[in-house]
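Letters A, B, ... mirror the listed sequences (proteins, then strands); counts begin at 1. Values below: all heavy atoms of this structure, side chains included; hydrogens, waters and symmetry mates excluded.
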Number of protein chains: 2
Amino acid sequence: MLIFDKNSCKREADMFKALGHPTRLWIVKQLADGQEHCVCEFVEAVGVQFATISQHLTILRQTGILTCEKRGQSVFYRLSCPCILDTLECLANGNAK
Amino acid sequence: MLIFDKNSCKREADMFKALGHPTRLWIVKQLADGQEHCVCEFVEAVGVQFATISQHLTILRQTGILTCEKRGQSVFYRLSCPCILDTLECLANGNAK
DNA sequence: ATGTTATATTGCTAAATAACAAAAAAAGAC
DNA sequence: GTCTTTTTTTGTTATTTAGCAATATAACAT
């Protein structure tokens, strides 16, 4: 018999949700090589308002997917844990319809 | 220099989005052992309207995560590809904050 | 045929999300 | 100190999503 416990899925679901937006997923992929990039690079590439990118980055930071560091006037983002890449790879390899 | 191509991320992002809801993620996990379950089992466990579960299942079906088969009056759902589990495991293992 | 059971679909409303514009903060240059 | 640059935060609005209720569909029982 199946028993649903919402809490047990909430945090994980939030991580999936964070990755469930084209711009955010793309950002994560850009950081896949372990390198860091600054906010302005993303803004330039995506072609959307600074505020919008900043909000996407906040979501990725809050779910623990990214971390950031401020140096000078710029903020640099990186994957907080490279293992997120395994997840991406799993999905990319296995589940193309 | 980074270049954003939205289309390249759209389908993958949709899969993440589908998994980005507690109820849907839970359903996928219940199917993780490869067994199939019928809709009414999910309804009973989650404690939500039949229509609501049906809608969640539709989303999971449309993204290709689940497939279903009708037998008699019941509809049975299963993972369309067990490899989705690797993805779940990757996330569960690696990225707990 | 009618009745019943299991799912799906449609219409509706409330809540969440995405994007922008404008204002606020933080750091460096002067 | 003021000015500029980079980023975040705070409205605001349009779109999307989540859930329910009601209706429709499909299969079986009678």
Got a donor-acceptor contact below 3.5 angstrom from the B:Thr58 side chain to the B:Ser54 backbone?
yes
How close or far is atom C1' of D:dA27 from atom CD of B:Glu69, stated in whole angstroms?
15 Å
Among C:dC20, C:dA18, C:dT7, the nucleotide that comes nearest once only the side chain of B:Cys40 is considered
C:dT7
Is the distance from OP1 or OP2 of C:dT7 to the nearest side-chain N or O of B:Ser74 less than 4.0 Å?
yes
May I ask you to establish whether A:Arg71 and A:Phe76 are in a cation-pi arrangement, using a distance under 6.0 Å from NZ or CZ to the six-membered ring centre and at most 45° from the ring axis?
yes
Just to be sure I understand the rule, does B:Arg71 reach a base, reach only the sugar-phosphate, or reach nothing, if contact means heavy atoms closer than 4.0 Å?
nothing
Nearest-0.5 Å distance that lies between atom CD in B:Glu41 and atom CD in B:Gln30
10.0 Å
How many Å lie between CD on B:Gln49 and C1' on D:dA21, as a whole number?
7 Å
Tell me what B:Val43 touches on the nucleic acid: a base, only sugar-phosphate, or nothing, going by heavy atoms under 4.0 Å.
nothing
Rounded to whole Å, how long is the line connecting atom NZ of A:Lys10 with atom C1' of D:dA18?
14 Å
Give the ring-plane orientation class for B:Phe42 versus B:Trp26, where under 30° counts as parallel, over 60° as perpendicular and anything between as tilted.
perpendicular
The residue among B:Glu36, B:Arg61, B:His37 that forms side chain to side chain donor-acceptor pair (under 3.5 Å) with B:Tyr77 is B:Arg61
Same apolar cluster (I L V M F W Y, side chains within < 4.5 Å links), B:Ile59/B:Leu31:
no
Can you figure out which of C:dA21, C:dT9, C:dT7 approaches the side chain of B:Thr58 most closely?
C:dT9
The side chain of B:Val39 is closest to which nucleotide in this list: C:dA8, D:dA18, D:dT7?
C:dA8
Looking at A:Lys17, I'd like to know whether one of its side-chain N or O atoms comes within less than 4.0 Å of OP1 or OP2 on C:dT17.
yes
Base, sugar-phosphate or nothing for B:Ser54? Non-hydrogen atoms, less than 4.0 Å.
base
Counting side-chain heavy atoms from C-beta on, which of C:dT9, D:dT9, C:dA27 comes nearest to A:Gln73?
C:dA27
For the side chain of B:Ile59, starting at C-beta, report the closest nucleotide among D:dG19, C:dT7, D:dA18.
D:dA18
Of the nucleotides C:dA21, D:dT8, D:dA21, which has the atom closest to the B:Ala51 side chain?
D:dA21
How many Å lie between CZ on B:Phe76 and P on C:dA8, as a whole number?
12 Å
I need the CD-C1' distance between B:Glu41 and C:dT7, as an integer number of Å.
14 Å
Is there a side-chain contact between B:His56 and the phosphate of D:dT17, meaning an N or O under 4.0 Å from OP1 or OP2?
no
Distance check needed: C:dA18 C1' versus A:Leu57 CG, whole Å only.
14 Å
Please check the phosphate of C:dA8 (OP1 and OP2 only) for any side-chain N or O of B:Tyr77 closer than 4.0 Å.
yes
Choose from D:dT8, C:dT7, C:dC20 the nucleotide whose nearest atom is closest to any side-chain atom of A:Thr52.
C:dC20
Identify which nucleotide among C:dA22, C:dA6, D:dT7 has an atom closest to any side-chain atom of A:Phe50, counting heavy atoms from C-beta outward.
D:dT7
Without decimals, in angstroms, what is the distance between B:Leu66 CG and C:dT7 P?
14 Å
Distance in angstrom units between B:Lys70 NZ and C:dT9 P, rounded
10 Å
side-chain N/O B:Gln55 vs C:dT9 OP1/OP2, d < 4.0 Å
no
